[in-house]
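I have placed the structure first, in the form of structure tokens, so that the comments after it can refer back to it.
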Number of protein chains: 2
Amino acid sequence: MTARRGDLLDPSCPTRQLLDRIGSKWVSMLFLALGAEDEVRFAELRRRAPGISSKVLADTLRVLERDGFVSRRVEPTVPPAVHYGLTPLGRSLAAPLAVLRDWAETHMADVDDARSAYDTRAPVGTPKSML
Amino acid sequence: MTARRGDLLDPSCPTRQLLDRIGSKWVSMLFLALGAEDEVRFAELRRRAPGISSKVLADTLRVLERDGFVSRRVEPTVPPAVHYGLTPLGRSLAAPLAVLRDWAETHMADVDDARSAYDTRAPVGTPKSML
DNA sequence: CTGCATCCCAGCTGATACTG
DNA sequence: CAGTATCAGCTGGGATGCAG
């Protein structure tokens with residue numbers, strides 16, 4: 001049907017774009033953090049994503065808002081209060097993410113074992129990248 | 001169950017590691033290419049992943065082999081013939097990947113629309129005075 | 001409180017050339 | 001054919017400082 005083989009290298013390939021998003025460092029964690037409640041404020045998100053800088057958090061949220069995954073509501077108080085939440089589209093991504101998490105928690109131990117075995121067989125020469 | 005919130009920033013978090021893998025540029029395409037048959041040779045993989053360099057292909061395959069996703073079988077002929085295939089573990093990842101692909105093909109059009117709408121609302125370079 | 005402007009750096013990715 | 005060696009570039013992510 002759709003998906004010819006070469007699709008995934010087209011930058012416009014839907015799957016490619018989705019993988020780029022959810023593979024981004026903080027995105028999956030923000031989905032978790034936002035999924036817990038209806039709305040979460042900026043500072044609270046920072047707390048739930050320990051280590052993120054405000055720049056990266058703002059950047060990531062803007063990208064997700066642009067994608068339609070995240071809603072942004074500003075209360076025009078002083079100082080301002082900004083509330084973020086998942087849109088229906090964003091919530092619809094929860095299922096695929098849960099499938100990934102389940103697979104990971106079920107099988108990544110096998111991956112660890114495979115790595116140990118591989119490293120025992122080939123102690124030197126493993127590329128440092130992609131580890 | 002497990003998954004405390006902070007898990008996803010731990011480099012050892014299973015989900016984090018899985019996302020890093022499948023988000024890598026050529027991995028999902030190689031899974032597609034390898035899933036079609038039992039075994040595929042190096043040069044054939046290059047053909048099925050147009051644009052990949054032999055270095056990147058070799059690196060990626062080695063990482064996937066180390067993870068236990070991919071098997072590697074060398075025929076000691078001259079010149080050598082190397083056959084790659086998916087292990088059972090690698091094949092078990094097909095389902096999660098299919099879920100992602102399905103979601104992407106169903107919903108990424110909505111994301112495109114959201115982006116267009118966002119870009120219309122916030123064109124580049126709009127003076128703040130006009131907001 | 002929120003988040004933009006800058007500057008900066010690591011490492012993923014790629015181009016090219018070479019070898020058993 | 002199936003890689004390895006080397007070098008270069010870009011982009012994502014981060015530190016810091018400032019502003020509305």
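Please read all numbers here as calculations on a predicted model, not as lab measurements.
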### Task
Nearest-nucleotide wise, let me know which of B:Val56 and A:Asp59 is further upstream toward the 5' end of DNA chain C.
A:Asp59
### Message
Heavy-atom nearest nucleotide on DNA chain D for A:Pro79 versus A:Thr60: which residue maps closer to 5'?
### Response
A:Thr60
### Test item: B:Ser116 side-chain N/O and B:Asp112 main-chain N/O as donor-acceptor pair under 3.5 Å
yes
### Query
A:Thr87 side chain to A:Gly68 main-chain N or O, any donor-acceptor pair under 3.5 Å?
yes
### Query
For A:Lys55 and C:dT6, is the shortest distance between a side-chain N/O and OP1 or OP2 below 4.0 Å?
no
### Below 4.0 Å: OP1/OP2 of C:dC1 and any side-chain N or O of A:Tyr84
no
### Separation of B:Glu44 CD from B:Leu34 CG (nearest 0.5 Å)
10.5 Å
### Task
Nearest 0.5 Å please: distance from the CZ atom of B:Arg21 over to the OG1 atom of B:Thr60.
9.5 Å
### Message
Does A:Ser54 reach a base, just sugar-phosphate, or nothing at all? Heavy atoms under 4.0 Å.
### Response
base
### Query
What do the steps show when you test B:Val82 against B:Arg72 for side-chain contact (heavy atoms from CB on, under 4.5 Å), and what is the final call?
CA-CA 7 Å; B:Val82 184; B:Arg72 182 176 184 272; 3.8 Å; yes
#### Entry: Span of DNA chain D, from the first to the last nucleotide whose atoms fall under 4.0 Å of chain A heavy atoms
D:dG13 to D:dG20
### Message
Classify the ring geometry of B:Phe42 against B:Tyr84: parallel below 30°, tilted from 30° to 60°, perpendicular beyond 60°.
### Response
tilted
### Task
Could you tell me whether B:Glu75 and B:Arg41 make a salt bridge, using a distance below 4.0 angstrom between a side-chain N and a carboxylate O?
no
### Query
Hey, are B:Trp103 and A:Ser92 close enough side-chain-wise for a donor-acceptor pair under 3.5 Å?
yes
### Task
Residues of residues 63-78 of chain A with any non-hydrogen atom less than 4.0 angstrom from an atom of DNA chain C: list those, numerically ordered, please.
A:Arg72
